[in-house]
Amino acid sequence: MSKTKTPITRREILIGGAAAVAVAGLPLPVGAGQPKPASAPAPQKQVRGETHMNRITTKDGTSIFYKDWGTGPTIVFSHGWPLSADAWDAQMFFFGQNGYRVVAHDRRGHGRSEQTWTGNEYDTFADDLAALLEKLDLKEVTLVGHSMGGGEVARYIGRHGNKRVKKAVIIGGIPPVMLKSDKNPGGLPMSVFDGIRAGLVADRSQFYKDISLPFYGYNKPDAKVSQGVRDSYWRQGMQSSIIATYECVKAFSETDFTEDLKKIEVPTLVIHGDADQIVPISDSAELSSKIVRNATLKVIPGAPHGLCTTHADQINALLLDFLKA
């Protein structure tokens, strides 16, 4: 996307700004023929589904909602902007059936978690994730973050260390840093992120509808568009608070995760699509995979930013191989 030199038009706000939005994927139904759940005993306490509203309270009194399904080795998922834990349903269902315990929370200000006026930045997000792991006493976990959630995984380890983490996965992640600068010449200009903020204020409902097109690669001539996926994305976006989503634009665009990535000591899988129109691979995955000392980069040809949905089978297969290695 080129830098805007004239006043931002409505079309540029709603469509053009999408080139930088680090948003989380949405699930498609998992296909038929899935394996039956494993019967091996779980190393951790089992919590079945959402028979009650699973919540923790953070140190600043914020109520955070989470899902906790299945039994077995634990995978903890961090979603991206502006969605919720529902964005991981395809992965959580698949891995729950394959003998894993799967946990995902709604970031503060998103989904069913409390909408806060403050704390919409990465130090607090990482501390909220730490509170979840501590409350559930999760150990030897695999942390998986998509897009903005990839930054959350990196900042969690940067602030809280590797002691509870066995492996890490960053999918379509925003690290090391999105914003263009002298130190990051390949990044996106501030005008892009200003356009996103303007779109949220002007008409965030329409903004979410519009950006779902490039997010899933649905703006390509040969794309098979799912209106259901677009509607689900819009629903989750509208469930989030405007203050959180507005302030998260600064968080996901300006936060530099370079030092956090250097602190990751566990085996790390970095996955990215080479057709990502939201977080260009050259300024994200290709750099992060070189900074993390024990990282492996897997590129999915033709995959867009929402690859956890459009390429769910490939994502799940890569994750399963990585977990079993």
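Since the model is a prediction, treat every value here as computed from it, not as a measurement. Excluded from the calculations below are hydrogen atoms, water molecules and symmetry mates; all remaining heavy atoms, backbone and side chain alike, are included.
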Fill in: Lys67/Asp86 under salt bridge (Lys or Arg N to Asp or Glu O under 4.0 Å): CA gap, chis, key distance, verdict
CA-CA 9 Å; Lys67 298 181 181 184; Asp86 292 352; 2.6 Å; yes

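Glu121 is linked by a salt bridge (charged side-chain N to carboxylate O under 4.0 Å, His left out) to nothing, counting only residues two or more places apart in sequence or in another chain. Residues passing the ring pair (Phe, Tyr, Trp, His ring centres under 6.0 Å) test with Phe322, sequence neighbours excluded: none. Listed by chain and number, the residues in a side-chain contact (heavy atoms from CB on, under 4.5 Å) with Ala130 are Glu134, Tyr156, His160 (sequence neighbours excluded). For the ring pair (Phe, Tyr, Trp, His ring centres under 6.0 Å) test, no residue two or more places apart in sequence or in another chain qualifies with His311. Residues passing the salt bridge (charged side-chain N to carboxylate O under 4.0 Å, His left out) test with Arg197 are Asp194, sequence neighbours excluded. Asp128 pairs by the salt bridge (charged side-chain N to carboxylate O under 4.0 Å, His left out) definition with Arg108, not counting sequence neighbours.
Side-chain contact annotation: Trp234 with Ser205, donor-acceptor N/O pair under 3.5 Å present. For Glu114 and Thr62, the side-chain atoms include no donor-acceptor pair closer than 3.5 Å. Glu265 and Asn294 share no side-chain donor-acceptor pair at under 3.5 Å. In this structure, a donor-acceptor pair under 3.5 Å is present between the side chains of Gln277 and Asn219. A donor atom on one side chain and an acceptor atom on the other are found under 3.5 Å apart for Arg55 and Ser63.
Inter-residue side-chain proximity for Ile75 and Leu323 is flagged as met; some heavy-atom pair is nearer than 4.5 Å. The shortest side-chain heavy-atom distance between Tyr218 and Ser226 falls under the 4.5 Å cut-off. Put simply, the side chain of Thr258 does not reach to within 4.5 Å of the side chain of Leu287, judged on heavy atoms. When side chains are defined from C-beta on, Leu179 does not count as touching Leu188, because their heavy atoms never get closer than 4.5 Å. Considering only heavy atoms from C-beta on, Thr74 stays 4.5 Å or farther from Glu140 through its side chain. Taking the side chain as every heavy atom from C-beta outward, Thr142 and Pro73 never approach each other to under 4.5 Å. Taking the side chain as every heavy atom from C-beta outward, Leu318 and Ile300 approach each other to under 4.5 Å. Two residues are said to be in side-chain contact when any heavy atoms from C-beta on lie closer than 4.5 Å; Lys139 and Leu133 fail this criterion.
Residue pairs meeting the salt bridge (charged side-chain N to carboxylate O under 4.0 Å, His left out) criterion with at least one member in residues 146-173, sequence neighbours excluded: Arg107-Glu152, Asp123-Arg155, Asp123-Arg159, Asp127-Arg159, Asp137-Arg164, Arg155-Asp260. Among pairs with a residue in residues 166-189, none fulfils ring pair (Phe, Tyr, Trp, His ring centres under 6.0 Å), at least two apart in sequence or across chains. Sorted pairs that involve residues 259-302 and meet ring pair (Phe, Tyr, Trp, His ring centres under 6.0 Å), not counting sequence neighbours, are lacking altogether. Every pair tested for salt bridge (charged side-chain N to carboxylate O under 4.0 Å, His left out) that includes a residue from residues 281-306 fails, sequence neighbours excluded, so the list is empty.
At least one donor-acceptor pair under 3.5 Å links the side chain of Asn184 to the backbone N or O of Val177. In this structure a side-chain-to-backbone donor-acceptor pair under 3.5 Å is present from Ser241 to Ala244. Not one N or O on the side chain of Thr57 forms a donor-acceptor pair closer than 3.5 Å with the backbone of Gly61. Panel note: side chain Ser147, backbone Gly80; no donor-acceptor pair is recorded below 3.5 Å. Using modelled atom types, one side-chain atom of Asp106 and one backbone atom of Arg112 make a donor-acceptor pair closer than 3.5 Å. Of the possible donor and acceptor atoms, one in the side chain of Ser284 sits under 3.5 Å from a partner among the backbone N and O of Pro280. The backbone N or O of Val279 sits less than 3.5 Å from a side-chain atom of Asp276, completing a donor-acceptor pair.
Between His79 and His105, the ring-plane angle classifies as tilted under the 30° and 60° cut-offs. In this structure, Phe95 and Phe77 have tilted ring planes: the angle between them lies in the 30° to 60° band. Using bins of under 30°, 30° to 60° and over 60° for the plane-to-plane angle, the ring pair Tyr233/Tyr208 lands in the perpendicular bin.
In the displayed structure, Asp222 atom CG is contacted under 6.0 Å by more than 12 heavy atoms of other residues, nucleotides or ligands.
A pairwise comparison of heavy atoms in Pro304 and Gly217 identifies CB-N, 3.8 Å as the closest pair.
Grouping Ile, Leu, Val, Met, Phe, Trp and Tyr residues whose side-chain heavy atoms lie under 4.5 Å apart, directly or via other members, places Ile281 in a hydrophobic cluster with Val270, Leu297, Val299.
Note: Met178 CE to Met148 CE = 11.0 Å, rounded to the nearest 0.5 Å.
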Under 3.5 Å, side-chain donor or acceptor atoms of residues 246-253 against the rest of the protein: list the pairs with distances, not counting sequence neighbours.
unit_1 : atom_1 : unit_2 : atom_2 : d
Glu247 : OE1    : Asn120 : ND2    : 3.1
Lys250 : NZ     : Glu254 : OE1    : 2.9
Ser253 : OG     : Val249 : O      : 2.7
Ser253 : OG     : Lys250 : O      : 3.4

